[in-house]
There are 2 protein chains.
Amino acid sequence: MTKRSRQQTIRELIANKVVGSQEDLRVLLREAGWDVTQSTLSRDLRELRIARLPTPEGPRYVTPETLGADNGDRTLVEEVLPQFFSSVDGVGELLVLKTIYGGAQPVAEAIDDAGWDEVIGTIGGENTILIVCRSSNARETVANRLRRIADA
Amino acid sequence: MTKRSRQQTIRELIANKVVGSQEDLRVLLREAGWDVTQSTLSRDLRELRIARLPTPEGPRYVTPETLGADNGDRTLVEEVLPQFFSSVDGVGELLVLKTIYGGAQPVAEAIDDAGWDEVIGTIGGENTILIVCRSSNARETVANRLRRIADA
DNA sequence: ACGCACAATGCATATTATTGCACGGCCCGA
DNA sequence: TCGGGCCGTGCAATAATATGCATTGTGCGT
């Protein structure tokens with residue numbers, strides 16, 4: 001009955017159901033025994049810092065934790081690189097790829113998944129990825145490939 | 001002029017400015033040389049998976065990546081290094097800088113921001129930073145510089 | 001018990017976002 | 001060269017969200 005428990009319920013609903021609008025949420029809450037207006041929900045969501053994320057299937061409310069984790073299913077280098085790419089440079093067998101802040105992790109993962117022969121492994125920080133290549137030559141190849149993909 | 005570059009610009013704007021509405025974004029884009037309608041932005045934001053997060057100061061658009069780490073303080077190497085420095089060592093073009101626990105991230109960022117020519121890139125973990133230098137020689141230069149700054 | 005302060009909420013409305021539809025440009029195959 | 005399909009976009013209508021203001025309830029000090 002209290003505001004706090006209502007907000008707790010909201011958290012659970014958001015985590016477990018598809019909530020596309022505050023009106024959706026209102027209905028779910030009614031089934032759970034609460035009856036409040038959309039205004040209240042707007043304020044609740046703000047206090048809970050629950051974000052609204054647009055998706056191909058329409059808007060969805062998500063918790064910040066989910067937001068970080070749910071980067072969708074975009075694991076293709078071709079898809080993710082053009083969005084995050086900043087620059088590429090290197091020395092010896094080492095390639096250093098820079099991305100916009102927060103982009104290193106997803107891009108590193110995508111490169112890993114690509115399974116390129118020239119690449120031995122990757123390490124991603126916040127905005128920098130270290131790519132260890134098989135040779136200096138391989139480094140050039142990969143660098144060029146990355147540049148081409150980034151420009152797509 | 002292309003959709004992709006526009007979306008790239010959107011990402012940067014979202015990352016660096018306070019964007020509270022699609023109309024805000026429209027204005028910023030116009031200053032950057034694009035002129036599109038709010039409808040288009042609605043679609044762009046969906047494709048970019050940029051979320052709208054309610055805050056006490058009103059709604060804000062944020063990238064999923066940004067959500068986890070909100071650090072607005074610009075930091076100078078001279079400021080953070082003496083505070084966190086532990087040791088520096090290396091081999092070949094690689095420099096390994098150790099800091100006290102938790103210090104790697106801010107220091108790595110500060111070094112990035114410094115924009116030293118000898119440095120190709122940095123990756124920070126919890127208490128260790130890997131610095132990729134342009135050459136073995138460059139590594140020496142940087143190592144000495146770091147030591148000097150750390151002692152200040 | 002009274003009255004004040006303040007949190008919580010609803011109501012009405014302002015502000016924002018989404019979307020159906022249509023149109024123009026482009027690329028491709030015949 | 002001529003369609004045909006498709007992508008990107010604007011426009012306008014619709015849907016959804018945020019908020020100013022009023023009201024109610026609750027606790028507290030006197």
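Chain identifiers are assigned alphabetically (A, B, ...) following the order of the sequence lines, protein sequences preceding nucleic acid strands; residue numbering begins at 1 within each chain.
In this structure, A:D35 reaches the sugar-phosphate backbone alone: every heavy-atom distance under 4.0 Å involves primed, P, OP1 or OP2 atoms, never a base.
A sub-4.0 Å separation between OP1 or OP2 of C:dT18 and a side-chain N or O of B:R52 is absent. Between A:S42 and D:dA18 there is a side-chain N or O to OP1 or OP2 distance below 4.0 Å.
The residues B:K17 and B:D24 are annotated as not salt-bridged, no charged nitrogen and carboxylate oxygen being separated by less than 4.0 angstrom.
As rounded to whole Å, 12 Å separates atom P of D:dT17 from atom CZ of A:R60. Atom-to-atom, CG of A:L45 to P of D:dA16 comes out at 15 Å; the value is rounded to the nearest Å. Protein atom CH2 of B:W34 is 16 Å distant from nucleotide atom C1' of D:dT9, rounded to whole Å. What separates CD1 of B:I50 from C1' of C:dA17 is a distance of 15 Å, to the nearest Å. Here D:dT19 presents its P atom at 15 Å from CG of A:L41, a figure rounded to the nearest Å. Nucleotide C:dA7 holds its C1' atom 13 Å from the CZ atom of A:R4, rounded to whole Å.
Pairing each heavy atom of B:F84 with each of B:P106, the nearest pair is CE1-CG, 4.2 Å.
Clustering of Ile, Leu, Val, Met, Phe, Trp and Tyr by side-chain heavy atoms under 4.5 Å joins B:V27 with none of the others.
Between the side chain of B:T99 and the backbone N or O of B:A104 there is at least one donor-acceptor pair closer than 3.5 Å. The closest donor-acceptor contact from the side chain of B:R49 to the backbone of A:T55 lies at 3.5 Å or more, if one exists at all.
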Under 3.5 Å between N/O atoms: give me all the protein pairs with nucleotides 11-14 of chain D, atom names plus distance.
residue	atom	partner	partner atom	Å
D:dC11	N4	B:S39	OG	3.3
D:dA12	N6	B:S39	OG	3.3

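If one axis is set at each end of the helix from C:dA1-D:dT30 to C:dA30-D:dT1 from five pairs, those axes are 30° apart, to 10°.
Each of A:T2 and B:E23 was assigned the nucleotide of DNA chain C with the nearest heavy atom; the assignment lying further toward the 5' end belongs to A:T2. Toward the 5' end of DNA chain D, the nearer of the two residues A:Q22 and B:R6, judged by each one's closest nucleotide, is B:R6.
Side-chain atoms of A:Q105 and A:E109 include no donor-acceptor pair closer than 3.5 Å.
When side chains are defined from C-beta on, A:L29 counts as touching A:L41, because their heavy atoms get closer than 4.5 Å.
Among the nucleotides C:dT18, D:dT17, D:dT19, the one closest to the side chain of A:Y61 is D:dT17. Picking from D:dT19, C:dT9, C:dT18 the nucleotide with the shortest atom distance to the side chain of A:K3 gives C:dT9.
Both the sub-6.0 Å distance and the 45° axial angle are not jointly satisfied by B:R147 relative to the ring of B:F85.
Residues A:I131 and B:L94 are members of separate hydrophobic clusters, defined by side-chain heavy-atom contacts under 4.5 angstrom among Ile, Leu, Val, Met, Phe, Trp and Tyr.
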